[in-house]
Structures are given as C-alpha cells and as structure tokens.
There are 2 protein chains.
Amino acid sequence: MPFTPVQKVSAYESIVLQIESAIANGDLKAGDRLPGERKLMADFSVSRATVREALRVLQATGVVESRPGDPRGPVISHYSPRLLEKSMSQLARLDSVSRVEVLQFRLLLEGSATRLAARNRSEADLDLITARLRELEASIQADGAKFFSEHVSRFHAAIRRASGNQLIEICGNVIGGITAELMVRRLHTDADQLAIVQRSALDGARLVEAISARDAEGAAAVQVENIYRFYADDLDPAEVDALRPFVDASPVVE
Amino acid sequence: MPFTPVQKVSAYESIVLQIESAIANGDLKAGDRLPGERKLMADFSVSRATVREALRVLQATGVVESRPGDPRGPVISHYSPRLLEKSMSQLARLDSVSRVEVLQFRLLLEGSATRLAARNRSEADLDLITARLRELEASIQADGAKFFSEHVSRFHAAIRRASGNQLIEICGNVIGGITAELMVRRLHTDADQLAIVQRSALDGARLVEAISARDAEGAAAVQVENIYRFYADDLDPAEVDALRPFVDASPVVE
DNA sequence: GCGGGTTTACTGGTCTGACCAGTAAACGGA
DNA sequence: TCCGTTTACTGGTCAGACCAGTAAACCCGC
C-alpha cells in the first residue's frame, strides 16, 4: 500500500514553503519585495511571532533579506554563495572527513578550472590573472611569505573565474578558503618558507604562460603539480599515495 | 587606515554566534542537549521570542533540532548534507548557470568518483554496486525505461560511495539529484527510450567489470563516455564542444 | 519652482505574559 | 516488577506593547 508518512508542518514552515514555491515558480523573483511583517501576518492569518520565525529561516537560507525601518519590506535576495560556503565548510570540517579528501577535491577542482581557463579565457581574464600574479610576486619581493596565502588565493580565484564554469568556480572558492587555513599552518611550521613561496611563484609564471598559450593540459599539469608539492612534505606516504592519481591524471608536459 | 566596518549584531544573531562557536571549539558536540527555551532565555537574558528566532536559524542551518514536548531540550544535530543540497541546487538553478556547466561538473565528479572507486573499493562496495546494477537490469527487463532514472541514480550513488571521498560523494549525490530532472525530460522526449536505456545498462556492466578489475582509467572512461552520450544528442554543437574536454581527459581504453 | 531640513507614518527588533497540545519521566497501583 | 496514569514541563502559537531607526512626504525659505 502506497501510504506516505504524514508530516505535520507547523505554521511557520508552511509560510516558508509557500514563499519558497512562489519563488520557484516565478511569482517572486530576486529584487521583489515581500509585504511587511504586519501585512504578512494578516495575509497568512498568523501572529507576528510566527511570521518572524518564517522570515528568519528564509533569511538564514539566503532567500530574503530584511532591514529594520525599511518601509518597502523584506527583499528577495540575489544569489550569494554564502550558504554553500557554510554548508561545505561544515562538511569539510567533519572529523570523518580527512585532509586527504579535502586535498583530493581541491586538486580536482583546480585542475579542471585551470584546464577550462586555458581553453576559454578572454583577454580580460588573462589580464586579471597576470595582474594577480604580479601582485603575488611583488608581495613576495617586499614581505616574503607574510601575505603569500592571501595573494595566492586571489591568483587562483582569478583562474577559476576564467574557467567559465560557475559551479567549479564557486566550489573552488569555498575549498580554497578552507585549505587556506591548512596553508597558513603549513608555512608556519616550515623553516624554509621563502624557498617554497618563491618556487610557487615560479610555477605561477609557468601557469600563466600555459594559459596564455591556451595549452590546457600543460596548464592543468603545472597547477596540480604545484598544489600537490606544496602539501606533499606534510603528508605521510599513505596520504601521498591517495593524492597521486589526481596528479598523474594530468601528466606534466615538458 | 585599517578601519573595519562596524557591524551591529542583533540579539538573536549574538545567540546564534555564541552557540555556533561553542560547537566549533568543542564545548558542544553532536548529540549534546541545549537547555530548553525558558532556560536559554534566562541564560542570555533575552525574551523567549528572541531565543526562538535564534533556534530557528540554527535549525534552518542544520545545527540543532528541536521537538515539541521533549523535556531534554534541543539537540545538536549530526551532519546531514541537507543544507549542502539546498545551497547547491539553489546555485545550479540560477538562470546564469547553464546546462553545460552542470553537466561539466557532473562529468568531473562522476569521473573522479569512478576512478577512485576502482582503486579503493572493498569487496562489500563491489557487492553493493553489483547488486544495484542487477536491480537496474531487472527493472529494465520488467518495466522498460519507466524506473530507469531512480535505479541508475542508486547505481551511481553506490559507486560514489565506494570512492572513499565524502566530498566527492556528497557533491556527486547533489548534482546527481539535479541532473535526474534533466534525465527524466530527456527520456520523455525521446522515442527510442528503450534503446538508450539498454545501452546504458550495457555500459553499466562494462563499468562494474572495470571497477572489479581495479582498472581506474578504464572505469572512468566508460562512466564519463556513458553520461556524455546520454545527453549529447540533446545538445547543440557549441555545448557538445564544451563537454568534450571532460570526456577526452579520460580516453577510452579498449 | 525648487533644494534641504523636518516631520510623520511606518518598519523591523525586542519584550511580556499567556494558552495549548504534546511528551517523557516520575509516580502509583496491581 | 511491570504497566497504566499522572504531572510537570516542552515547544508552538497568540495578543498586545514599546523602541530605535528609516524613507518618503511635507513644508519652508529662497
């Protein structure tokens, strides 16, 4: 018998559902305004407390934004990766998720982003990437490894942007942010910071060259190899072994 | 001047922040209980309405769960991919995100999941994958394309599970769910459903063989090729072109 | 007629205090 | 010792109130 389990939905949940489906089917779209809380409480015939709880969850899930005092009411948000960021770092921080899994995922995303960037980049993309590389180099010249993590993040972000795939770009940004913490720790524990960082900048230059030449496989290989080498010393043999497939999948073309 | 923009945090936000950081630094962990709302309102010295709004956003972001009548109070949740699912389908459904981007991402994830599965699968993994393939074949025998999408999803999910990378697994599950809609539409519009579906099942058999033989590259190639072919007819040449790199990166080994 | 300060009518944020249906643990009788 | 009953409490909802803050309407001097 195809009975479905009953699910009692509370008043505020029903409001959330109604508003979400109004957005899903196009009745409401980003930028539109919801009525104020007092109007909503009349529309749904619930108390204000209930309306507010509904608005709170819509706000927490990035669906609407409200500002006190605004007579125009809450506004349907434009997309922001905030929620994705939050949920993915939640996942990555799980005890059951190992460093290796995070690094595998990173290699995967950065590798493809780079491959796509080399294929699809516009001149403007290339300019931005080059500019970010220059900033990175200048920062190393001036302050050594001090601001390396910030600048290399921006450099990589520019490459992801050039990939033309927003899914890869945004997931890459998120994972990049998470691994940035690892990176800072990595640099902190290593005496030979400067050598590592300079090596990374050199790889960056080769990378930009390959992207500029639209050499997708070459670019991806340099990128993946660079990231891999950055963490490799820190990992034990088993971990290294688990990472190899992601590096070898993009053989370095010399 | 390094001034930081002031950010007034409201009462309920402060509560959310405090509870979240208590979890982050280990004072609270999954399974632990929060005091009831009345106790919390005394602890934070705010009204119950404020406590409830805080609990609502914690609940919406999957941090806590509460059940009416439970004298033990709200409980800190175990991780669930619900939020990740929600935020990623939010992203994938954006108008600015094209079908091709979603499919690229899917090829990327399924390809690596398969590669890893072939390397890392346990015997139990292999058994489960095989069982899912048998179910898929039986379903086609009995009902043709009718339940294809459900069964093939479960088959792929089993492979992702065997990959041993939870990031790839969960993201793959999410994207799988999203593309399942595309799949249903695809099958609906095609007169030759049965042929497509049978072909897919054949690929599945080759896939299981390769995973069983721990042939990572072979498995990945079959998987990616299969998914690609499934949608290829539906796409225009430019879209096909954007997908090729993801297919060619795993050359078919005959 | 037109800018710029002032008023005003609202907004969202918070509080108090109340009632209800439902739960789980303590209680009590067999 | 077991099982039904009570009970004290839970979360969900409501009504009504106050406040700080906003934006648009207003009005005044020019």
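The chains referred to below are lettered A, B, ... by the order of the sequence lines, with proteins before strands, and numbering in each begins at 1.
- Rounded to whole angstrom, the span from the CD atom of E13(B) across to the P atom of dG12(C) amounts to 16 Å.
- In this structure, the CG atom of D70(A) is 10 Å from the P atom of dT22(D), given to the nearest Å.
- Side-chain N/O atoms of S66(B) include none lying less than 4.0 angstrom from OP1 or OP2 on dT10(D).
- Atom-to-atom, NZ of K39(B) to C1' of dA8(D) comes out at 17 Å; the value is rounded to the nearest Å.
- Residue E53(B) contributes atom CD, which lies 16 Å from atom P of dG11(D) at whole-angstrom precision.
- Applying the 6.0 Å contact sphere to CG of D95(A) captures no more than 12 heavy atoms from other residues, nucleotides or ligands.
- In this structure, CE of M41(B) is placed 11 Å from P of dT10(D), rounded to the nearest angstrom.
- Atom CZ in R52(B) sits about 17 Å away from atom P in dG13(C), given to the nearest Å.
- In this structure, CD of E37(B) is placed 15 Å from C1' of dC15(C), rounded to the nearest angstrom.
- Each of R56(B) and P71(A) was matched to the nucleotide of DNA chain D holding its nearest heavy atom; the match closer to the 5' end belongs to R56(B).
- Within the structure, a side-chain polar atom (N or O) of T50(B) is placed less than 4.0 Å from OP1 or OP2 of dC15(C).
- Close to dG12(C), at under 4.0 Å from its OP1 or OP2, lies no side-chain N or O of R48(A).
- One N or O on the side chain of D125(B) and one on the backbone of S122(B) form a donor-acceptor pair closer than 3.5 Å.
- Residue R67(B) is classed as a sugar-phosphate contact, given heavy-atom separations below 4.0 Å to backbone atoms only.
- Rounding to whole angstrom units, CG of residue L40(B) and P of dG11(D) are separated by 8 Å.
- Checking R72(A) against R72(B), the closest nucleotide of DNA chain C that is more toward the 5' end is the one next to R72(A).
- Y231(A) and R99(A) are not linked by any side-chain donor-acceptor pair at a separation below 3.5 angstrom, with hydrogens and angles left out of the test.
- In terms of position on DNA chain C, the residue among K8(A) and G69(A) whose nearest nucleotide sits closer to the 5' end is G69(A).
- Within a 6.0 Å sphere centred on CZ of R132(B), other residues, nucleotides and ligands contribute more than 12 heavy atoms.
- If you check distances only, the side chain of R38(A) does reach the base of dG12(C) with a donor-acceptor pair under 3.5 Å.
- If you check the side chains of E101(B) and S98(B), you find a donor sitting under 3.5 Å from an acceptor.
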